[in-house]
Amino acid sequence: MISKEHTQIKMDIWSIFTAEGERSSSVRDQYGRSPHLLANHSPAIPSVSNYLTQQGFKPEYPEGKEWGVLLSHDVDWLNYVGLSGRNLMVRQAKRLLKGQVSDFLKGWVEGKNRRAAEYRLELLLEAHEKRNIHSSYFFLALEAGDEDFNYLIEDAQGDVKMVLEAGSEAGLHGGHAAYNSVEILSRELNRIRPHVPELRGYRNHYLRFDIHQSWNLLAEAGFEYDATFGFAGFPGFRNGMCHPFRPFDPKTSKYLDIVEFPLHVMDVSLFNYLGLAPDAAFEVVRSFAHKVKAQNGVFSILWHNNYLTGEWGAFYLKVLDFLTRQEAYISTHSQMLDWWKAQGYIDQMENILNETRTES
């Protein structure tokens, strides 16, 4: 006979996995994001992955590795921010006063189109090459006038090519409004496709994400994976998972045809939202890495390309050295996706999770 306690545990696991806490609440921050306080579990604990492990789920990785690591980079900035030179500023002001909006936007692009040395992707690629690491880069595909526009994807084609030639991966970094608009998502996707023919993955800007529809939009657009699902203000496990998974759609009672790589640690979360000093921030990274390793999971880190110099750049190199000493399988998202599909791990997890769904 199955005890009530056992049944309740399974019900709780399914509730955490499907993020019922945030699904049932309309509370959102200024960017439409669900705060970590709405989670119906402790985000510091990979509770669902822990349950999977207890049920005998134990994935293995290439080269005999026991766990995986995904390093990713949202390329928000390539050019200096701000207009270049007093003359350009005066000319832009005159254009705006005359109502010459089109000329103003063109001039704004001219002024911003100056590469910032500290944002160079070469800094990442060189650091990774020294450690035999490949990672995933998510590029914006915005137009002048879009919120947070900084570069045209056409002007970044050299950067994209450099990333791909280094054996890393390029994906789409959706703009502010792409996460809940099929029209905007389609426009940005069409802009980046000529430059990334084998586009497979996505992450939204500012981690903006609507749990009710974003996965559906991305799956319908043809993306094979998403890498957005994490809390901006807190490192951890948004739905208790440190393994890649297919999201479950309560409306259709089916798993969606897209794989989510949950995000666990972001640079901005550590230094901006939490305001941690480097030593304390490193302890957070180390702690979460060990939690993921204990579950034979996949640890996902986001490090922006505009945090590559100074104290933050040194911190990132320290994290790289720590992870390489931990004997992790470090790969791009697509490489990890192909491995998980080939091993049938997604199906294995869903078979276990379906039992918790049935009993709930």
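All of these numbers come straight from a predicted model, not from anything done at the bench. For this chain, numbers begin at 1 and follow the sequence in order.
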Around atom [atom1] of [X], are there more than 12 heavy atoms of other residues, nucleotides or ligands at under 6.0 Å?
{"X": "Asn190", "atom1": "CG", "answer": "yes"}
{"X": "Glu66", "atom1": "CD", "answer": "no"}
{"X": "Glu283", "atom1": "CD", "answer": "yes"}
{"X": "Asp257", "atom1": "CG", "answer": "no"}

Do [X] and [Y] have side chains that approach each other closer than 4.5 Å (heavy atoms only, starting at C-beta)?
{"X": "Arg115", "Y": "Arg120", "result": "no"}
{"X": "Ser42", "Y": "Ile45", "result": "yes"}
{"X": "Leu152", "Y": "Arg191", "result": "no"}
{"X": "Leu270", "Y": "Val285", "result": "yes"}
{"X": "Leu71", "Y": "Tyr316", "result": "yes"}
{"X": "Phe223", "Y": "Leu199", "result": "yes"}
{"X": "Leu140", "Y": "Tyr151", "result": "yes"}
{"X": "Ser269", "Y": "Phe234", "result": "no"}

For residues [X] and [Y], is any side-chain donor paired with an opposing acceptor at under 3.5 Å?
{"X": "Ser72", "Y": "Arg203", "result": "yes"}
{"X": "Asn305", "Y": "His73", "result": "no"}
{"X": "Asp210", "Y": "Gln213", "result": "yes"}
{"X": "His333", "Y": "Ser136", "result": "yes"}
{"X": "Tyr202", "Y": "Asn204", "result": "yes"}
{"X": "His264", "Y": "Ser300", "result": "no"}
{"X": "His173", "Y": "Asp76", "result": "yes"}
{"X": "Glu20", "Y": "Ser15", "result": "yes"}

N/O donor-acceptor pair under 3.5 Å between [X] side chain and [Y] backbone:
{"X": "Tyr345", "Y": "Glu60", "result": "yes"}
{"X": "Lys58", "Y": "Gln295", "result": "no"}
{"X": "Asn354", "Y": "Glu350", "result": "yes"}
{"X": "Glu188", "Y": "Gly175", "result": "yes"}
{"X": "Thr356", "Y": "Leu353", "result": "yes"}
{"X": "Ser287", "Y": "Val284", "result": "no"}
{"X": "Arg208", "Y": "Arg33", "result": "no"}

Look up atom [atom1] in [X] and atom [atom2] in [Y], then write down how far apart they are to the nearest 0.5 Å.
{"X": "Trp303", "Y": "Leu124", "atom1": "CH2", "atom2": "CG", "answer": "10.5 Å"}
{"X": "Asn150", "Y": "Leu142", "atom1": "CG", "atom2": "CG", "answer": "9.0 Å"}
{"X": "Leu337", "Y": "Thr332", "atom1": "CG", "atom2": "OG1", "answer": "9.0 Å"}
{"X": "Arg325", "Y": "Leu320", "atom1": "CZ", "atom2": "CG", "answer": "10.5 Å"}
{"X": "Asp249", "Y": "Leu256", "atom1": "CG", "atom2": "CG", "answer": "5.0 Å"}
{"X": "Lys293", "Y": "Glu327", "atom1": "NZ", "atom2": "CD", "answer": "8.0 Å"}

Give the minimum heavy-atom separation between [X] and [Y], together with the two atoms involved.
{"X": "Met336", "Y": "Tyr61", "answer": "SD-CE2, 3.9 Å"}
{"X": "Ser24", "Y": "Gly21", "answer": "OG-O, 3.2 Å"}
{"X": "Ile133", "Y": "Thr324", "answer": "CD1-CG2, 3.8 Å"}

Open item on the list: Run Phe322 and Phe282 through ring-ring contact (aromatic ring centres under 6.0 Å, His included) and show every step you take.
Closed with: CA-CA 10 Å; Phe322 163 72; Phe282 183 77; 5.6 Å; yes
Task: Tyr273 and Val268: CA distance, side-chain angles, deciding distance, side chain to side chain contact (heavy atoms under 4.5 Å, CB included) verdict - done: CA-CA 6 Å; Tyr273 286 93; Val268 179; 3.6 Å; yes
- [ ] Among Trp215, Phe237, Tyr179, find the residue that satisfies the ring pair (Phe, Tyr, Trp, His ring centres under 6.0 Å) test when tested with Phe229.
- [x] Trp215
- [ ] Mind telling me whether Tyr329 and Trp339 have parallel, tilted or perpendicular rings, with 30° and 60° as the class edges?
- [x] tilted
Open item on the list: Tell me whether the rings of Tyr31 and His176 are parallel (<30°), tilted (30 to 60°) or perpendicular (>60°).
Closed with: parallel
Is it the case that the ring center of [Y] lies less than 6.0 angstrom away from the ring center of [X]?
{"X": "Trp340", "Y": "Phe245", "result": "no"}
{"X": "Trp14", "Y": "Phe248", "result": "yes"}
{"X": "Phe271", "Y": "Tyr307", "result": "no"}

Task: The single option from Glu260, His41, Glu22 passing side chain to side chain donor-acceptor pair (under 3.5 Å) against Arg238 - done: Glu22
